[in-house]
Undergrad: 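Sharing a structure below in structure tokens format, with a few things to ask.
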2 protein chains.
Amino acid sequence: MTKILVVDDEPALVRTLSINLRARGYEVTHAFDGRTALQCIAEDTPDVVVLDLGLPDLDGVQVIRRVRRTSELPIIVLSARHDSDDKVEALDEGADDYVTKPFGMDELLARVRAAVRRRTPSSAHPEPVRTDHFTLDFAERVATRDGSPVKLTPTEWNLLEALAIRPGHLVPQAELLREVWGPGYEKDTHYLRVYVAGLRRKLEPEPGRPRYLLTDPGQGYRFSC
Amino acid sequence: MTKILVVDDEPALVRTLSINLRARGYEVTHAFDGRTALQCIAEDTPDVVVLDLGLPDLDGVQVIRRVRRTSELPIIVLSARHDSDDKVEALDEGADDYVTKPFGMDELLARVRAAVRRRTPSSAHPEPVRTDHFTLDFAERVATRDGSPVKLTPTEWNLLEALAIRPGHLVPQAELLREVWGPGYEKDTHYLRVYVAGLRRKLEPEPGRPRYLLTDPGQGYRFSC
DNA sequence: GCGCCTCTTGACGGTTTCTTAACGCATGAC
DNA sequence: GTCATGCGTTAAGAAACCGTCAAGAGGCGC
């Protein structure tokens, strides 16, 4: 069953949305502020989030940013503001769609359907990795080495994920750069050098002689478990 | 390079979009009507389509429907109409996103980035080769000989690939040089001598008496498995 | 505002890969 | 036999690439 989290500080709107969504067969949970929303996302693991930008505590964009650190959960943004900058900012932070209040219920439902349809298995995280020297849990973004936790930055996780989604496979430099930094970065290979070095320092037993994060000079990198 | 197809019947808008998208590093093609658009999609295989709903020949929704029969190509819809029904219909037919004219360029660019991010990458390579003495996996760029891995350089892989696309067939020297080193290198046959020698040394059981990488003197080389 | 963390950017040295040249061998023409 | 041409082999210098370090910019939380 598809779960939808509705985040808005107007109880009336939340109620209207809940009724309509439930009538279409969705399971609906709700939150009235940003912190609660983040908690619900972590605990209830909804399939889609409908998020109002104007919340009492956190800015909606911040909520998107936090969520995007760890997941690709589809987010549909609601906003009363007509200003286009908001849309841009929210979309750039990783929102999937944007609806301006007031909106028709049909439109919102269509966008929810589109978001649910998009939620493909390919957006799922790579399998957790367990080697002799470290473990990686991509869903939780937790890494351990010799039993103790290792801190990885968001970019390091993104890069690792791009490599670990196909363990043992060569991933071309341009593809890594596009997936982690975005289109237009395909030639900035120095990013890869810096971040691979960082990952090796944190994960490899001998960073100077890598065993897991391997280089194919002139081609790309591969993650071997 | 990420290819974007812009479909709109207003040349001025197409031009503006093309300039902006190209400035962001995208490759842009365009069509002014629905039939041409479908043709472009089939032939140019763009990565994202930006599609105006109001086209002279076909309805934009019909274009979406046709495309969705065969692919999941991300489609961003443009429309001058403010009517919400259009949005609903387009999204339900499988459009990924919807922008109402007039729109800010920043907003559209953000939506394009979001669509590109969602798209799954893929590419084509010759079939893997398996002989009595070695195996070649072109997608992974992994070669093994007698069970143990063999390291090949990027140029060696490119040359092997040019030969292995048509196993058993003679490939003229000029063609190999053009495909691997680029146009203008058609006469630099010494490259072939050097690199074929390298490949034989790494792959052939008796490099002096080649069995897989064969020479047709004065003409070219062929790869026989 | 302040400190912390992350990302970006530049510089340097070591390594791999590419390019180029030289030489030996075979073949065929004269 | 001698020469010319094309191919195979090797090695050395040039260029490109990679790993590493560190300084500076920017964002975020407090």
Side-chain angles (χ1 to χ4, degrees), chain A residues 34-35 38 57-59 61-70 89 92-93 141 149-160 170-174 176-177 180-182 184-204 206-222, chain B residues 141 150-160 170-174 176-177 180-182 184-204 206-222:
Chain A
R35 295 189 195 287
L38 288 169
D57 54 346
L58 291 174
D59 187 0
V61 174
Q62 287 182 295
V63 175
I64 297 172
R65 203 172 293 146
R66 297 255 194 119
V67 172
R68 276 290 168 274
R69 283 184 198 162
T70 59
E89 200 184 348
D92 269 347
E93 289 298 339
R141 296 220 155 174
V150 180
K151 282 192 71 174
L152 303 181
T153 71
T155 306
E156 286 172 341
W157 276 114
N158 292 341
L159 179 55
L160 254 190
L170 171 68
V171 188
Q173 299 180 346
L176 291 171
L177 288 162
V180 178
W181 281 269
Y185 286 78
E186 280 89 347
K187 296 193 171 162
D188 295 337
T189 57
H190 53 280
Y191 284 139
L192 293 178
R193 293 205 291 281
V194 171
Y195 277 89
V196 167
L199 285 171
R200 283 179 178 149
R201 197 172 37 246
K202 292 183 181 179
L203 296 176
E204 292 275 1
E206 294 178 85
R209 218 167 315 141
R211 177 174 158 182
Y212 301 102
L213 283 164
L214 307 179
T215 306
D216 281 24
Q219 307 188 108
Y221 292 85
R222 69 180 80 218
Chain B
R141 300 225 150 170
V150 179
K151 283 189 70 173
L152 303 181
T153 71
T155 307
E156 286 171 342
W157 276 114
N158 293 341
L159 179 55
L160 256 187
L170 169 68
V171 187
Q173 299 182 344
L176 291 171
L177 287 162
V180 178
W181 280 268
Y185 286 77
E186 282 88 347
K187 296 192 171 164
D188 296 336
T189 58
H190 54 279
Y191 285 139
L192 294 178
R193 293 206 291 281
V194 171
Y195 276 90
V196 168
L199 285 171
R200 284 178 178 151
R201 183 153 18 89
K202 291 183 179 178
L203 296 176
E204 293 276 1
E206 294 178 86
R209 217 167 314 138
R211 177 173 158 184
Y212 301 101
L213 282 164
L214 308 179
T215 308
D216 282 25
Q219 305 192 68
Y221 293 85
R222 75 179 73 215

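Each chain gets a letter, A, B and so on, in the order its sequence line appears, and its residues count up from 1. We use all heavy atoms of the structure for the numbers below, so side chains are in, but hydrogens, waters and symmetry mates are not.
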Undergrad: Indicate whether OP1 or OP2 belonging to D:dC28 is found under 4.0 Å from a side-chain N or O atom of A:R66.
TA: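 So the side chain of A:R66 is outside the cut-off, no N or O lying under 4.0 Å from OP1 or OP2 of D:dC28.
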Undergrad: Under 4.0 Å from OP1 or OP2 of C:dC18: is there any side-chain N or O of B:T155 that close?
TA: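 For C:dC18, OP1 or OP2 has a side-chain N or O of B:T155 closer than 4.0 Å.
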Undergrad: Taking any heavy-atom pair under 4.0 Å as a contact, classify B:Y221: base, sugar-phosphate, or nothing.
TA: sugar-phosphate
Undergrad: May I ask you to say what A:Q62 touches in the nucleic acid, namely base, sugar-phosphate or nothing, with a heavy-atom cut-off under 4.0 Å?
TA: sugar-phosphate
Undergrad: Would you say B:Q173 places a side-chain N or O within less than 4.0 Å of OP1 or OP2 belonging to D:dC7?
TA: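 Answer is yes, contact under 4.0 Å.
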Undergrad: Considering only side-chain heavy atoms of A:H190, which listed nucleotide, D:dC28, C:dT17, C:dT9, is closest?
TA: C:dT9
Undergrad: Indicate whether OP1 or OP2 belonging to D:dG19 is found under 4.0 Å from a side-chain N or O atom of A:T215.
TA: yes
Undergrad: Can you see which heavy atom on A:W157 is nearest to which on A:R141, and at what distance?
TA: CZ2-C, 3.1 Å
Undergrad: Answer yes or no: does a side-chain N or O of A:R193 lie under 4.0 Å from OP1 or OP2 of D:dC17?
TA: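 No, because none of the side-chain N or O atoms of A:R193 sits under 4.0 Å from OP1 or OP2 of D:dC17.
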Undergrad: What's the closest nucleotide to the B:Y191 side chain, out of C:dT19, D:dC18, C:dC7?
TA: C:dT19
Undergrad: Check for a donor-acceptor pair, side chain of A:E204 on one end and backbone N or O of A:R209 on the other, with a separation under 3.5 Å.
TA: no
Undergrad: Please tell me if A:W181 has a side-chain N or O lying less than 4.0 Å from either OP1 or OP2 of C:dC7.
TA: no
Undergrad: Compare the minimum distances between each of C:dT8, D:dT20, D:dG29 and the side chain of A:A197, then state the nucleotide with the smallest one.
TA: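 That would be D:dT20.
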Undergrad: Mind checking if B:R209 touches a base, just sugar-phosphate, or nothing, with heavy atoms under 4.0 Å?
TA: nothing
Undergrad: C:dC7 phosphate, OP1 or OP2: any side-chain N/O from A:Y195 under 4.0 angstrom?
TA: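 Checking A:Y195 against C:dC7: at least one side-chain N or O falls below 4.0 Å of OP1 or OP2.
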Undergrad: For B:Y191 and B:W181, take the angle between the two ring planes, folded into 0 to 90°, and tell me which bin it lands in: parallel under 30, tilted 30 to 60, perpendicular over 60.
TA: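 If you compare the ring of B:Y191 with that of B:W181, the planes turn out parallel.
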Undergrad: Please determine, for the side chain of B:V194, which listed nucleotide (D:dC18, C:dT8, D:dT9) has the closest atom?
TA: D:dT9
Undergrad: Between C:dC7, D:dG19, C:dT16, which nucleotide gets closest to the side-chain atoms of A:P154?
TA: C:dC7
Undergrad: In whole Å, I'd like the distance from the CG atom of B:L199 to the P atom of C:dC18.
TA: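 The answer, rounded to whole Å, is 11 Å.
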Undergrad: For B:T153 and C:dC18, is the shortest distance between a side-chain N/O and OP1 or OP2 below 4.0 Å?
TA: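 True: B:T153 side-chain N/O within range (under 4.0 Å) of C:dC18 OP1/OP2.
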